Asks: 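The structure is given below, and queries will be raised subsequently.
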Amino acid sequence: MVESPAPVEHRRPSVGDVTGIGSLLELPGGTFWMGADEERYPDDGEGPARPVHVDRFRMAAYAVRNDEFARFTAATGYVTTAEREGWSFVFGGLLPEDFPPTRAVVQAPWWRQVLGANWRQPEGPGTAVDDRPDHPVVHVSWIDARAFCRWAGGRLPSEAEWEYAARGGRERCRYPWGDELTPGGEHLMNVFQGRFPTENTGADGFVGTAPVHAFPPNGFGLHNATGNVWEWTADRFGPSRPGQRVTRGGSYLCHESYCWRYRCAARSGNTPDSSAGNIGFRMAADRP
Ligand SMILES: [Cu+2]
């Protein structure tokens, strides 16, 4: 018996341009509790929870979609880092059984270095995004994300802005809707179900990426702040990971057994020229 989830309080601010690129919401800003005191990943720097102020700003309701990124590259001729370098990281579980041998990441063998993988061909040559225009663009580096935002008249969110927006006005919760992963048994984001990394049941409806508007929005109107794809932010990770930029939100590959980072406070990072099939971004902008 699946009960409907507890109603989520919708304090949706005035919606800006919901049809344009990034569908920007106008967020009021204020002081919120950033971070968490969860102790599972002390090196990530999630804690301690502390009050942080953000000024009013605009934040996209969705991650940038494939069709939006296509408009950018068509207009500018922009070539992404993965296209220039000729490869990107693809989750092995998304490749066909007879896929030619690839190099794997030693500490994380489910990540395969696939020649020809990029945002146009997310699982390598022969794949395409024609059937997923409304899915988040992936295989984009921080450099690519910044270039898109500049073209579209926005910018990447700061890490604090990202978390403030992801929380949607709720205080000190793990997830944008509360503390329970699947309230009443209902899936509210796209993460990994099954036994990571070999058995992906897709119980939430998705094995790979989901459309950016899948699942109900949070209290500010953001969809898929947690889950689906990691999102680049403007900020540097800090001294423990020199040179890296912060990513937030976790992805369709997060599973409690291995990467419990599909929480509002969770942090990760990567070098600005890195790309993978589970990293995208969401655009922010100043308020006029
Ligand atoms: Cu993860």
Side-chain angles (χ1 to χ4, degrees), residues 35-36 38-47 63 88-95 104-113 117 122-123 135-142 145 157 159 162-163 166-167 173-177 179-182 187-210 212 214-215 218 222-233 235 237-238 240-241 244-271 274-282:
E38 314 264 20
E39 301 202 319
R40 183 146 162 197
Y41 301 114
D43 295 343
D44 284 5
E46 286 179 30
S88 188
F89 285 117
V90 178
F91 178 63
L94 296 177
L95 297 173
V105 178
V106 175
Q107 314 90 313
W110 48 87
W111 281 118
R112 313 266 291 271
Q113 183 183 15
E123 290 81 43
H135 286 223
V137 65
V138 291
H139 297 297
V140 282
S141 67
W142 184 86
E159 184 180 6
W162 188 96
E163 185 172 328
R167 291 180 177 280
C173 299
R174 273 185 187 157
Y175 310 117
W177 56 85
D179 281 322
E180 243 190 292
L181 178 57
T182 53
H187 292 282
L188 294 178
M189 64 176 157
N190 179 18
V191 292
F192 193 101
Q193 293 88 41
R195 204 155 21 129
F196 189 87
T198 51
E199 186 205 327
N200 187 347
T201 68
D204 56 18
F206 305 96
V207 169
T209 55
V212 296
F215 302 101
N218 75 3
L222 273 76
H223 291 261
N224 295 299
T226 53
N228 214 17
V229 291
W230 284 101
E231 299 176 12
W232 289 111
T233 72
D235 290 16
F237 192 92
S240 63
R241 296 202 198 180
Q244 294 199 10
R245 299 284 172 162
V246 173
T247 53
R248 287 301 210 107
S251 83
Y252 61 88
L253 293 177
C254 290
H255 186 277
E256 186 175 359
S257 68
Y258 130 86
C259 176
W260 191 51
R261 292 192 178 86
Y262 43 72
R263 292 169 292 111
C264 294
R267 312 176 75 222
S268 190
N270 229 318
T271 53
S274 294
S275 65
N278 69 338
I279 308 178
F281 66 104
R282 181 184 304 253

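All residue numbers in this chain count up from 1 along the given sequence. Keep in mind the model is a prediction, meaning the values are calculated, not measured. Just follow the structure's listing: the first ligand is 1, and inside any ligand the first atom is 1.
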Asks: For the side chain of His187 and the backbone of Gly205, is there at least one donor-acceptor N/O pair under 3.5 Å apart?
Replies: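 No, His187 side chain to Gly205 backbone: no donor-acceptor pair under 3.5 Å.
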Asks: Could I get the full list of side-chain contact (heavy atoms from CB on, under 4.5 Å) partners for Thr271, not counting sequence neighbours?
Replies: Gln244, Asp273, Ser274
Asks: For Thr209, what residues pass the side chain to side chain donor-acceptor pair (under 3.5 Å) criterion, not counting sequence neighbours?
Replies: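 Result, side chain to side chain donor-acceptor pair (under 3.5 Å) vs Thr209: His135.
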Asks: May I have the list of side-chain donor-acceptor pairs in residues 105-112 shorter than 3.5 Å, sequence neighbours left out?
Replies:
unit_1 : atom_1 : unit_2 : atom_2 : d
Arg112 : NE     : Thr102 : OG1    : 2.4
Arg112 : NH2    : Thr102 : OG1    : 3.3

Asks: Is the charged tip of Arg245 near the ring of Phe237: under 6.0 Å from the six-membered ring centre and within 45° of its axis?
Replies: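 The answer is no, since Arg245 fails at least one limit relative to Phe237.
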Asks: For the CZ atom of Phe192 and the CG atom of Leu253, what is their distance to the nearest 0.5 Å?
Replies: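 It comes to 7.0 Å.
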Asks: Keeping waters out of it, list the protein N, O or S atoms under 2.8 Å from the Cu ion (ligand 1).
Replies: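 The answer, once waters are left aside, is Cys254 SG, Cys259 SG.
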